[in-house]
Structures are given as structure tokens and as C-alpha cells.
Amino acid sequence: MSAPSVTPIPITTISELKQHHSQLVRLGLASHPAHARRLLAFLARDPAGLPYAARLLAHHPDPHPALFNPLLASLPPRHAAAFLSLMLSLPLHPDHFTLPRILPAAPLPLAAQLHALLLKLNFHSHAHSFNALLAAYLANARADLAFRLFGGGGSSAVLDVVSWTTMVGGLCRLGLVDDARELFDGMPERNLISWNAMISGYVKAGRFLDALEVFDQMRATGLEGNGFVAASAVVACTGAGALARGREVHRWVEQSGIQMDAKLATAVVDMYCKCGSVEEAWRVFQRLPTKGLTSWNCMIGGLAVHGRCKDAIELFHQMEREDVAPDDVTLVNVLTACAHTGNVSGGRHYFDYIVQRYGIEPKMEHYGCMVDLFGRAGLLDEAKKVIDDMPMEPDIGVLGALFGACKIHRDLDLGEAIGWRVIELDPQNSGRYMLLANLLASAGRWGDVARVRQLMDERNVSKEAGRSVIEIDSEVCEFQCGTLRHPEEKEIFAMAKDMMRKIGLEGYAPDTSDVLHDVAEEAKEASLLYHSEKLAIAFGLLRTRPGDTMRVTKNLRVCRDCHEATKLISRVFEREIVVRDRNRFHHFRDGVCSCNDYW
DNA sequence: ATAGGGTTAG
């Protein structure tokens with residue numbers, strides 16, 4: 001029903017509102033729902049208007065909750081509470097929709113008050129109100145109160161699938177994934193939202209393999225998925241670096257008729273990129289009917305970390321031709337592509353060009369990219385100049401980029417000056433200490449190396465152990481630096497020795513410059529064999545044949561020695577070896593790496 | 001009232 005027409009007077013002040021109200025009263029229209037709602041909506045914007053709103057409701061012949069419920073959600077929690085207490089004093093009666101309107105944004109004291117009201121009104125057996133209260137406690141990080149309410153404490157609360165899912169999702173958000181899982185396993189009934197709450201909860205916690213396990217369980221129940229579940233599963237594969245599983249999920253999406261929208265497709269493109277297969281990413285990307293800005297960014301970034309600078313830049317121009325305007329992420333990705341290939345002039349050019357042509361304001365990360373670009377190329381003065389000239393104070397990331405460059409180019413003076421500063425700015429990051437220790441070690445400064453070690457001990461920072469994961473026939477195997485624990489450890493060790501012997505005949509010489517112990521050269525060389533990627537590759541050699549591709553994912557950066565060794569292994573054993581390290585991908589093939597030794 | 005899906009330097 002449309003409102004009876006009156007000249008629409010704009011309401012911007014309380015006096016205009018009063019004027020309008022009196023006109024409506026004269027016309028006998030003041031109580032018409034549409035007009036009353038408009039008046040109330042204005043009054044509700046300012047707490048000063050609440051008494052007026054209450055009077056208006058008090059004089060209304062039928063102050064139905066529908067009249068004031070819509071206002072409540074739009075009010076800030078404090079005002080909503082004030083308004084609610086006014087309503088109650090009139091007295092007007094809330095209905096089952098009233099509390100769920102206020103609860104989602106309610107801070108803790110208000111939530112507790114509403115809890116009391118809920119009990120008083122006997123709404124606790126009403127699922128909407130009860131679940132909203134549960135969500136409010138969880139949103140306030142009070143898992144304890146949520147558990148008490150959920151557990152019933154003797155109340156007659158009825159738990160439905162929403163209550164359970166609210167708990168699971170809320171606990172995951174609070175980082176209590178294991179508690180969430182326990183509840184999840186005990187759920188009397190689950191829907192797609194429940195399944196996805198658990199899967200995405202694991203993803204957020206970085207527990208990708210657990211996420212995939214739950215996803216498999218869901219499929220085993222015969223339930224059809226949807227786009228949300230698909231996205232979570234794809235992202236889990238991305239995080240795990242599990243290409244074979246990713247392909248499987250992709251196939252499942254296509255077979256189960258889930259709509260491949262731009263977001264899901266981009267997640268798939270990203271998965272293929274981050275799992276080491278740019279070719280498959282490219283195929284999905286090309287087939288996209290509509291490409292969002294993020295799809296372009298993702299593909300350009302994917303090419304960048306695979307060291308395919310030319311392709312990344314070519315794609316950027318294609319994006320321009322299709323009239324998609326780049327954003328700050330595009331700029332980061334294009335600069336990364338240049339930085340990873342030593343394309344200094346390209347980086348300079350695209351920085352200026354994109355900033356000027358598209359009016360993008362360069363941010364901290366863009367200056368960081370430029371520092372990285374110059375620094376990697378050995379132009380440390382240029383890199384320093386970027387920092388001196390940038391309009392803000394450099395953050396730890398920008399300084400870290402310069403520091404990393406000092407390490408690569410063995411600039412001891414600058415590196416030391418920045419290094420000690422960097423570890424003060426980022427005292428819990430073990431990688432920073434290791435970089436500094438490495439730099440000092442390469443100059444034979446063992447006393448200072450020990451000082452760095454001591455600082456780490458004092459601050460309880462421990463060195464992150466190198467870990468490499470290799471996926472063989474969908475089975476994921478992890479190796480840790482320094483230890484070899486595996487059912488086939490004898491065979492793997494023998495293969496590792498043989499592998500090193502064979503590449504030794506091809507000219508491999510151990511590079512111990514990154515080894516951090518002040519010990520005899522022989523001991524240093526021996527320790528290199530136990531680097532996690534060498535163990536993973538040895539295992540991969542046992543399980544693959546010449547011509548095959550093996551994929552290794554490493555948690556740290558590859559060291560020089562492993563990089564040299566892997567190049568030779570790819571040639572001697574005729575394998576393509578794809579290594580994803582902390583920063584980028586290396587494709588080893590026939591004795592050459594895609595990074596051209598620039599990384 | 002329950003999931004809330006994609007890209008970002010080092």
C-alpha cells in the first residue's frame with residue numbers, strides 16, 4: 001500500500017520535522033505506517049529525538065513492533081538500547097524480531113541486559129532471539145558465556161542447526177578451531193552452512209589439510225556443494241600447495257554444476273598459480289567470460305612469481321586494451337614481475353606510467369617494490385634514495401627489502417647498519433636474525449654471529465626449521481631439515497648420497513657460504529645434504545621417472561647450494577622440478593632455473 | 001538468527 005500523497009517536505013532539522021508532523025496531524029495522516037516510519041526514522045538518528053519518537057509511538061493507535069523494529073537495527077547499539085528502554089516504559093511490547101535487531105552489534109553489557117530481558121519475556125525458547133544472543137556473546141569474544149548459554153544450564157532452550165553453526169563459526173573466529181571441531185562432530189544435523197563454517201574455519205587457522213579432510217567427509221555424505229564450499233576447498237588447496245587435490249576439487253566443481261562465477265574462478269586461477277601450474281591457471285583465466293579486476297591482478301601476480309615478467313607485462317597491456325583500469329594491486333604485481341627478473345628500466349617505467357596515467361597514489365608497498373627492484377639489481381644507492389625521497393617513514397617491510405639486498409650483494413657496512421635496526425623493529429621474526437647472522441658469517445665475523453644467536457635466545461625467538469613438502473600421487477610428504485624420519489629413510493638417504501655423487505661428476509661444488517656454523521668445511525658440506533629440499537627431491541627421484549615433473553613447496557627461501565644442486569639434478573636425472581619457496585617459484589629444467597639465478 | 005568465497009612488495 002502506498003502512502004497517501006502529501007507534498008514531500010525534506011526533513012533535515014527537528015523543526016522541519018515538527019512542521020511536517022503537524023501538517024500530517026491536520027490531514028489525519030500522522031498514524032499512517034509509511035509516514036510514521038519516516039518520522040521515526042529521522043528521530044532515531046539522534047538520541048535527542050528519542051523522547052519525541054516515544055511520544056509519537058505512545059499516541060499511535062496501533063504501535064505495532066513492525067513500526068519500530070526496522071529502526072532498531074540502524075541505530076548505534078547505545079541508542080538502540082536507550083530507545084528500547086523508552087519503548088518498554090511506555091509500555092510497548094517487543095516481539096520476536098526486536099532483540100535479533102539489536103543483538104548483532106551489542107557490546108557485552110548490553111548483550112547481558114538483553115539476555116535478562118529475553119528470559120523475562122520468555123523468548124529464550126524462540127530460536128531467533130536465542131541464536132542472536134549466542135552470536136552476540138561470540139562476537140564479544142566470550143566463548144565462556146556462549147558455552148554456558150548453549151549448554152542450557154537447565155533452561156528450556158531449543159537448539160537448532162543455526163545454534164550449532166553459530167557456535168562452530170564463532171569459535172573458529174576466536175581461534176578455537178579444535179573446540180569448534182568437537183561441537184561440529186556432535187551436531188545432530190548439518191547443512192551446507194555448517195559444513196562450510198568448519199571448512200573455512202580450518203582454512204583461516206592455516207589448517208589446510210584438516211579443511212580438506214572435512215570437505216571429503218561432506219562429499220561422502222552425498223551432499224551437493226555450493227559456491228561457498230567450493231571456494232573454501234579451493235583456497236585450502238592453495239594454502240596446502242596441493243596441486244593434485246586442487247585439480248580434483250576443480251573437477252568436482254565442474255561436474256557438480258556449481259556456478260563458476262568470477263570470484264570462484266579467480267580462486268581457481270590463484271590455486272593453480274600458487275600450486276605451481278601457471279599453464280592450467282592460464283587456461284582457466286582465458287576461458288573466463290567476464291574478468292574482474294581481481295582476476296587480472298591475480299593472473300599478473302601469478303606470472304610475476306613464476307618469473308615470467310614479459311608475459312605479466314603483456315597481460316597488463318591486454319588489460320588496458322580491454323579498458324580495465326589497474327589499481328594499486330596491479331601496480332604491485334607489475335613491479336614484482338620486474339623486480340624478480342632484474343628488469344630495472346621496466347620497473348622505473350611502469351611505476352611512473354601507471355601512477356600518472358591512472359592517478360594511483362603510490363603507497364608504502366610500492367616504494368617497497370622499488371627498493372626491492374633496485375636492491376636486487378645491486379643498485380643499493382638507488383634503493384637508499386627511494387627510501388630517502390619517499391613521502392613517509394619507511395616501515396619494516398621497506399627496510400627489510402633493503403636489508404635483503406645487502407645480504408644478496410654482501411654489502412656488510414650498510415647491511416649491518418640496517419640489520420641491527422631491522423631486528424629491533426621486528427624482534428619476533430626469526431628470519432631477520434638469520435639474515436643478519438648469514439651476512440656476518442659470510443664475512444667470517446663469528447663473534448658477531450654468536451651475538452645474534454644470543455639475542456635470539458634472550459628473546460626466545462627460535463630459528464624456523466626448513467620444511468619441504470612434496471606431493472606424490474596426491475600423497476603429501478613432509479621433510480624437515482636435519483632429520484630424516486620416513487618408513488623408507490634408508491632408501492632415501494642412499495638416493496640422496498647417490499644424487500650428490502652424480503651431480504659432483506657434472507661439476508657441482510658445495511657452496512657453504514650460507515652455513516651458519518663456525519666448524520670445519522667438511523662438517524659444513526655434510527650438513528648441506530640434510531637440507532629439507534634435498535631430502536624431498538631424493539624421495540621424489542625414487543617415486544618418479546625421467547620426464548616427470550616433481551613439485552616441492554618450501555617454507556623458507558631456497559639456499560644457494562640447493563639451488564645449484566637442483567639445477568644439475570634436473571639435468572642429470574631428467575626431471576622437471578618445480579620449487580615454491582617463501583617468495584616465488586623456481587622451475588628447474590635441463591640444468592637451468594626459470595629465475596636465471598636472479599632471486 | 002548460521003558460512004560470507006578471489007588479488008597485494010620483503
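Nothing here was measured: the structure is a model prediction, and the numbers come from that model. Reminder, nothing fancy here: chain letters follow the sequence lines and each chain counts from 1. Only this structure's heavy atoms are used, side chains among them; waters, hydrogens and symmetry mates stay out.
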Proximal nucleotide (of B:dA9, B:dA3, B:dG6) relative to the A:V235 side chain:
B:dG6

Does a side-chain N or O from A:R584 land closer than 4.0 Å to OP1 or OP2 of B:dA9, or not?
no

Rounded distance (Å) that lies between atom P of B:dA3 and atom CG of A:N196
10 Å

Short side-chain N/O contact from A:H366 to OP1 or OP2 of B:dG10, under 4.0 Å
no

Got a salt bridge between A:D178 and A:R207, using NZ or NE/NH1/NH2 to carboxylate O under 4.0 Å?
yes

Need one value for A:D160: base, sugar-phosphate or nothing, where a base atom within 4.0 Å counts as base even if backbone is also close, heavy atoms only.
base

Can you find an N or O donor on one side and an acceptor on the other, under 3.5 Å apart, linking the side chain of A:N191 with the base of B:dA3?
no

Taking CH2 from A:W195 and P from B:dG4, how many angstroms apart are they, rounded to a whole number?
17 Å

Using a cut-off of strictly less than 4.0 Å, decide whether A:K274 has a side-chain nitrogen or oxygen near OP1 or OP2 of B:dG6.
no

When you measure from the centre of the six-membered ring of A:F184, is the NZ or CZ of A:R190 under 6.0 Å away and within 45° of the axis?
yes

Tell me what A:H340 touches on the nucleic acid: a base, only sugar-phosphate, or nothing, going by heavy atoms under 4.0 Å.
sugar-phosphate

Have a look at A:G227 and say if it touches a base, only the backbone sugar-phosphate, or nothing, with a 4.0 Å heavy-atom cut-off.
base

For atom CG of A:N583 and atom C1' of B:dT8, their distance in whole Å
14 Å

Below 4.0 angstrom from OP1 or OP2 of B:dA3, is there any side-chain N or O of A:R173?
yes

Shortest side-chain distance from A:C369, nucleotide among B:dG6, B:dA1, B:dA9
B:dA9

Mind checking if A:G169 touches a base, just sugar-phosphate, or nothing, with heavy atoms under 4.0 Å?
nothing

The nucleotide from B:dA1, B:dA9, B:dT2 with an atom nearest the side chain of A:T165 is B:dT2

Distance, rounded to the nearest Å, where A:N131 contributes CG and B:dA3 contributes P:
11 Å

Take atom CZ of A:R432 and atom C1' of B:dG10, then tell me their distance rounded to the nearest Å.
6 Å

From the candidates B:dG5, B:dT8, B:dG6, the one with an atom nearest any side-chain atom of A:A231 is B:dG5

Side chain of A:A262 only, please: which of B:dA9, B:dG5, B:dG6 is the nearest?
B:dG6

Looking only at the side chain of A:A127 (C-beta and beyond, no hydrogens), which of the listed nucleotides B:dA1, B:dA9, B:dG10 gets closest?
B:dA1

Please report, rounded to the nearest Å, how far the P atom of B:dG5 is from the NZ atom of A:K263.
6 Å

By the 4.0 Å heavy-atom rule, please label A:K291 as base, sugar-phosphate, or nothing.
nothing

Looking across every strand, which nucleic acid part, if any, lies under 4.0 Å from A:L335 by heavy atom: base, sugar-phosphate, or nothing?
nothing

Base, sugar-phosphate or nothing for A:T336? Non-hydrogen atoms, less than 4.0 Å.
sugar-phosphate

What nucleotide among B:dT2, B:dG4, B:dA9 has an atom nearest to a side-chain atom of A:E365?
B:dA9

Hey, is A:R142 close enough to A:D144 for a salt bridge, meaning N to O under 4.0 Å?
yes

If you check the A:F228 side chain, which of B:dT2, B:dG5, B:dT8 turns out closest?
B:dG5

If the threshold is 4.0 Å, N to carboxylate O, is there a salt bridge linking A:D388 and A:K385?
no

Looking at A:P391 and A:Y367, what are the two nearest heavy atoms and their distance?
CD-OH, 3.3 Å

If the cut-off is 4.0 Å, is A:T266 near the phosphate of B:dG5, judged by side-chain N/O to OP1 or OP2?
no

Checking only heavy atoms, does the side chain of A:D261 share a donor-acceptor pair with the base of B:dG5 at less than 3.5 Å?
yes

Among B:dG6, B:dA9, B:dA3, which is the nearest nucleotide to the side chain of A:A267?
B:dG6

Between the base of B:dG6 and the side chain of A:S295, is there a donor-acceptor distance below 3.5 Å?
yes

Nearest-Å distance, CG (A:D270) to P (B:dG5)?
14 Å

Look at A:R560 together with A:D597 and state whether they make a salt bridge at an N to O cut-off of under 4.0 Å.
no

NZ/NE/NH1/NH2 to OD/OE distance under 4.0 Å, A:E254 and A:R287
yes

Taking CG from A:L399 and C1' from B:dA9, how many angstroms apart are they, rounded to a whole number?
13 Å

